[in-house]
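This chain uses plain numbering: 1 for the first residue, then up along the sequence. Values reported hereafter were calculated over all heavy atoms of this structure, with side chains retained and with hydrogens, waters and symmetry mates removed.
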Amino acid sequence: MILFVGDTHGDFEPMLEAAASATAVILLGDQEPLDNLASILGPEIAAKTWWIFGNHDSDDPEYLTHHAAMADRNLHCRVVEIDGLRIAGLGGTFRSNILGVDRQTTLNDLPQVRPQDTRQSLALIRKDKKLAPQDHTSIFPEDLNFMARLVSKTRVDVLVSHEAPESHRLGYRILGDVVRALKARIHVHGHHHERYDAMIDGGVRVAGVGMSGMMIEWLQPRDGLFWLAAYPGGNMLATGYDRKRKMFRGEFVDLEGCTSFTAPDLNALQQEGTVILETFLKRSKCL
């Protein structure tokens with residue numbers, strides 16, 4: 001299973017325990033590592049981990065430096081294949097002094113919304129002609145344009161971002177447009193410390209992932225952990241922890257009529273998923 005980790009904010013203990021049994025790990029931003037990220041994760045977990053920046057990863061310049069040893073695992077504006085799933089990444093957030101989008105701005109509006117705001121153009125107007133720390137953790141027009149063009153180059157099953165699309169009350173429609181342009185089936189994001197599932201226009205499933213660290217006592221670290229498992233035929237199982245039932249809950253993405261189910265642990269959930277998927281596909285053929 002692929003583990004998606006919500007904002008750690010410097011506390012990696014809960015995710016490290018969960019990551020041991022994952023085939024791959026994707027950090028959704030706001031890692032804020034207090035030491036070299038590769039050292040924190042350890043060689044086995046670091047080797048299977050990808051990451052994107054969150055807005056707080058530039059609060060201290062050392063946070064950026066601590067990601068440097070794993071720069072080749074930055075998923076921003078890239079697509080990687082993991083367990084047969086094609087996963088694209090978009091790091092950072094929208095900042096009020098950059099790009100000037102609001103929550104209703106669409107991808108079609110982008111050419112009219114301060115297209116001159118690029119990382120390099122902003123660097124050139126500064127005295128030192130260098131990028132500022134927050135430039136690394138902000139979304140720029142070139143990032144959105146690059147993501148929109150990916151559809152002509154490769155298949156994308158999953159989009160991961162720090163910022164949220166319109167499914168969240170503080171999200172942005174333009175990110176929903178990006179995931180629709182990519183024709184991805186599921187969008188996984190962090191940032192808002194809130195675990196939820198939703199559907200947006202285009203039949204795209206959204207999984208908001210909570211905060212995985214334990215900095216805030218009333219937040220539950222398991223809300224910051226989300227899993228996807230790949231099954232034959234391109235089928236994908238989305239999994240999270242159901243606090244009310246104290247069970248893991250799974251649901252196949254894009255299989256209308258295939259009901260959700262629960263199990264006490266992830267291994268049992270995967271096994272149950274195999275049986276449910278086989279039964280569902282057999283019934284579908286008979287209809």
> Taking only residues two or more places apart in sequence or in another chain, which ones pass salt bridge (Lys or Arg N to Asp or Glu O under 4.0 Å) with Glu194?
Replying inline: Arg169

> Say you draw a straight line from CG of Asp242 to OG1 of Thr239; how long is it, rounded to the nearest 0.5 Å?
Replying inline: 12.0 Å

>> For residues 60-74, which residue pairs pass the side chain to side chain donor-acceptor pair (under 3.5 Å) check, not counting sequence neighbours?
In response: Gln31-His67

> What closest approach, in Å, do Asn108 and Pro111 show between heavy atoms, and which atom pair accounts for it?
Replying inline: O-CD, 3.3 Å

> Of all heavy-atom pairs between Gln270 and Ala229, which one has the smallest distance, and what is that distance?
Replying inline: NE2-CB, 3.9 Å

>> Which residues pass the side-chain hydrogen bond (donor to acceptor under 3.5 Å, both in side chains) test with Asn267, not counting sequence neighbours?
In response: none

>> Show the nearest heavy-atom pair for residues Pro165 and Gly176, with the distance to one decimal.
In response: CB-N, 3.8 Å

> Where is the tightest heavy-atom contact between Asp254 and Gly203, given as atom of each residue plus distance?
Replying inline: OD1-O, 4.1 Å

>> Treating Arg195 as the side-chain partner and Gly224 as the backbone partner, does any N or O pair qualify as donor plus acceptor under 3.5 Å?
In response: no

> Any chance the side chains of Asp11 and Thr8 put a donor and an acceptor closer than 3.5 Å?
Replying inline: no

> Just wondering, do Trp51 and Leu37 contact through their side chains at under 4.5 Å, heavy atoms?
Replying inline: yes

>> I'd like to know if the side chain of Asp30 reaches the main chain of Asn55, judged simply by a donor and an acceptor atom lying under 3.5 Å from each other, with no hydrogens or angles considered.
In response: yes

> Sequence neighbours excluded, which residues qualify as salt bridge (Lys or Arg N to Asp or Glu O under 4.0 Å) partners of Asp157?
Replying inline: Arg155, Arg185

>> Looking only at the side chains, is there a donor atom on one of His187 and Ser161 sitting less than 3.5 Å from an acceptor on the other?
In response: yes

> Could you state the interatomic distance from CG (Leu3) to OG1 (Thr23), rounded to the nearest 0.5 Å?
Replying inline: 9.0 Å

> Hey, are the side chains of Met15 and Phe12 touching, using non-hydrogen atoms and a 4.5 Å cut-off?
Replying inline: yes

> Closest heavy-atom contact between Leu175 and Ala164?
Replying inline: CD1-O, 3.5 Å

> Got more than 12 heavy atoms from elsewhere within 6.0 Å of NZ, Lys129?
Replying inline: yes

>> Would you say that more than 12 heavy atoms from the other residues, nucleotides or ligands in this model lie under 6.0 Å from the CD of Glu13, or not?
In response: no

>> Please find the pair of heavy atoms, one from Ala88 and one from Val156, that lie closest to each other, and give the distance.
In response: CB-CG1, 3.9 Å

> What ring-ring contact (aromatic ring centres under 6.0 Å, His included) pairs are there with at least one residue in residues 73-97, not counting sequence neighbours?
Replying inline: Phe94-Tyr172

> OG1/Thr262 to CE/Met247 distance, rounded to the nearest 0.5 angstrom?
Replying inline: 4.0 Å

>> Among residues at least two apart in sequence or on other chains, which ones pass side chain to side chain contact (heavy atoms under 4.5 Å, CB included) with Ile45?
In response: Leu16, Ala19, Leu41, Lys48, Thr49

> Is any side-chain heavy atom of Thr154 less than 4.5 Å from a side-chain heavy atom of Arg86?
Replying inline: yes

>> Is the shortest side-chain heavy-atom distance between Met1 and Leu237 below 4.5 Å?
In response: yes

> Parallel, tilted or perpendicular: which fits the ring planes of Phe252 and Phe261, with parallel below 30° and perpendicular above 60°?
Replying inline: tilted

> To the nearest 0.5 Å, how far apart are CD1 in Ile174 and CG in Leu110?
Replying inline: 5.0 Å

>> Contact between His9 and His193 at the side-chain level, heavy atoms closer than 4.5 Å - yes or no?
In response: yes

> Should Leu159 and Met147 count as side-chain neighbours, where that means a heavy-atom distance under 4.5 Å?
Replying inline: yes

>> Once salt bridge (Lys or Arg N to Asp or Glu O under 4.0 Å) is applied, do any residues pair with Arg205, and if so which ones, sequence neighbours excluded?
In response: Asp197, Glu251

>> Tell me every residue that passes side chain to side chain contact (heavy atoms under 4.5 Å, CB included) with Glu142, counting only those two or more places apart in sequence or in another chain.
In response: Thr118, Arg119, Phe140

> Is the closest side-chain donor-acceptor distance between Asp135 and Ser138 under 3.5 Å?
Replying inline: no

>> Applying side-chain hydrogen bond (donor to acceptor under 3.5 Å, both in side chains), can you list everything that pairs with His189, at least two apart in sequence or on another chain?
In response: Tyr196

> Do Leu182 and Leu107 sit in the same hydrophobic cluster, where Ile, Leu, Val, Met, Phe, Trp and Tyr count as joined when their side-chain heavy atoms come under 4.5 Å apart?
Replying inline: yes

> Would you say the side chain of Arg180 lies within less than 4.5 Å of the side chain of Ile200, judging by non-hydrogen atoms?
Replying inline: yes

> Who are the salt bridge (Lys or Arg N to Asp or Glu O under 4.0 Å) partners of Arg173, not counting sequence neighbours?
Replying inline: Glu166, Asp177, Asp201

>> For Leu64, give me all partners under side chain to side chain contact (heavy atoms under 4.5 Å, CB included), at least two apart in sequence or on another chain.
In response: Phe53, Ser58, Pro133, His136, Thr137

>> Side chains of Leu277 and Asn235, heavy atoms from C-beta outward: is any pair under 4.5 Å?
In response: yes

> Quick check: does any side chain N or O of Asn145 sit under 3.5 Å from a backbone N or O of Pro141, one acting as donor and the other as acceptor?
Replying inline: yes

> Stepwise, does the side chain to side chain contact (heavy atoms under 4.5 Å, CB included) test hold for Phe146 with Leu144?
Replying inline: CA-CA 5 Å; Phe146 179 86; Leu144 294 170; over 6 Å; no

> Is Val80 isolated, or which residues cluster with it under the ILVMFWY side-chain rule of less than 4.5 Å, directly or via members?
Replying inline: Ile2, Phe4, Ile26, Leu28, Trp50, Ile52, Leu75, Ile82, Leu85, Ile87, Val158, Val160, Ile186, Val188, Val209, Phe226, Leu228, Met236, Val253

>> Under 6.0 Å between ring centres: does that hold for His56 and His162?
In response: no

